[in-house]
Amino acid sequence: VEAGAEVVIVSNSSSEKISRLLAPLGLPLVESASESGKMLRVRGHAAKYSLGASRDALTLGQREIALDRPHYLRALQEERPDIVIGDVFSLDLALPHSLRAHSRVGAPKVLALRRHAHTPGWVLAHAGPGRVDCVIDHLEELVPVVRALAGAVR
């Protein structure tokens with residue numbers, strides 16, 4: 001937000017739950033995209049885990065990851081993010097990765113993985129330009145990424 005980016009938190013949790021968690025931080029949360037001048041919004045109930053009928057999948061290493069996640073696809077297509085950050089590749093990043101690989105609506109310019117101690121090695125092995133573009137340990141590490149992206153757009 002401080003870097004001048006609009007931030008939309010797309011979560012499987014309810015918007016209310018995420019808003020309650022962020023409230024102590026004093027961030028300027030808004031409920032809808034129509035509220036101009038605000039930079040931080042929560043979009044809950046993304047149902048990233050909800051699968052459609054298609055057998056479309058991404059094979060990564062020896063794993064097959066289902067891509068037909070209709071609720072999450074709708075959120076990505078409506079939000080049209082420049083950056084998607086997630087900590088679970090299969091739920092957060094596989095679909096945006098596929099959208100980008102096929103130049104489809106909702107494809108982000110940058111995919112960022114939030115690394116945890118339990119992040120699998122097969123996911124980290126997929127890091128690199130055009131795949132998982134950056135791996136971060138702390139959200140603050142996104143600031144230079146956002147600034148570089150904003151500079152490239154100007």
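Note that the coordinates shown come from a computational prediction; the quantities given were computed from them, not determined experimentally.
- Looking only at side-chain heavy atoms (C-beta outward), Leu99 and Val105 stay at 4.5 Å or farther from each other.
- With sequence neighbours excluded, the residues that form a ring pair (Phe, Tyr, Trp, His ring centres under 6.0 Å) with His118 are His116.
- Using a 4.5 Å cut-off on side-chain heavy atoms (C-beta onward), Ile85 and Ile136 make contact.
- Residues Val10 and Val84 have side chains not in contact (no heavy-atom distance under 4.5 Å, counting atoms from C-beta outward).
- Scanning all heavy atoms of the two residues, the minimum distance from Pro108 to Pro96 falls at CD-O, 3.7 Å.
- Using a 4.5 Å cut-off between side-chain heavy atoms of Ile, Leu, Val, Met, Phe, Trp and Tyr, with links allowed through other members, Ile9 and Leu21 fall into the same hydrophobic cluster.
- Here the closest heavy-atom approach between residue Gly44 and residue Ser15 is recorded as N-OG, 2.9 Å.
- Residues satisfying the side-chain hydrogen bond (donor to acceptor under 3.5 Å, both in side chains) criterion with Asn12, sequence neighbours excluded, are absent altogether.
- Side-chain N or O atoms of Arg80 include none that pairs as donor or acceptor with a backbone N or O of Ala107 at under 3.5 Å.
- The shortest distance between side-chain heavy atoms of Ser98 and Leu67 falls below 4.5 Å.
- For Asp133 (side chain) and Ala112 (main-chain N/O), no donor-acceptor pair under 3.5 Å exists by modelled atom type.
- When side chains are defined from C-beta on, Asp87 does not count as touching Thr119, because their heavy atoms never get closer than 4.5 Å.
- As a member of the Ile/Leu/Val/Met/Phe/Trp/Tyr network built from side-chain separations under 4.5 Å, Leu91 groups with Tyr49, Val88.
- Side-chain contact between Leu113 and Cys134: absent, with no pair of heavy atoms (C-beta onward) separated by less than 4.5 Å.
- The NZ atom of Lys17 sits 7.5 Å away from atom OG of Ser11, with the distance rounded to the nearest 0.5 Å.
- Taken to the nearest 0.5 Å, the OG atom of Ser50 stands 12.0 Å off from the CG atom of Leu73.
- When side chains are defined from C-beta on, Arg115 does not count as touching Glu141, because their heavy atoms never get closer than 4.5 Å.
- Contact between Arg131 and Arg100 at its shortest, heavy atoms only, is O-NH2, 2.6 Å.
- Taking 4.5 Å as the limit, some side-chain heavy atom of Pro81 sits within range of a side-chain heavy atom of Leu76.
- Within the structure, ring-ring contact (aromatic ring centres under 6.0 Å, His included) pairs that include any residue of residues 59-91 comprise Phe89-His126 (at least two apart or interchain).
- When all heavy atoms of Pro70 and Gly52 are compared, the closest pair comes out as CD-N, 3.6 Å.
- Under the 4.5 Å side-chain contact rule for hydrophobic residues, Leu58 and Leu51 do not share a cluster.
- Annotation: salt bridge (Lys or Arg N to Asp or Glu O under 4.0 Å) contacts involving residues 49-72, sequence neighbours excluded, are absent.
- Across Leu93 and Gly86, no two heavy atoms sit closer than the pair CD2-N, 3.8 Å.
- Residues passing the salt bridge (charged side-chain N to carboxylate O under 4.0 Å, His left out) test with Glu78 are Arg43, sequence neighbours excluded.
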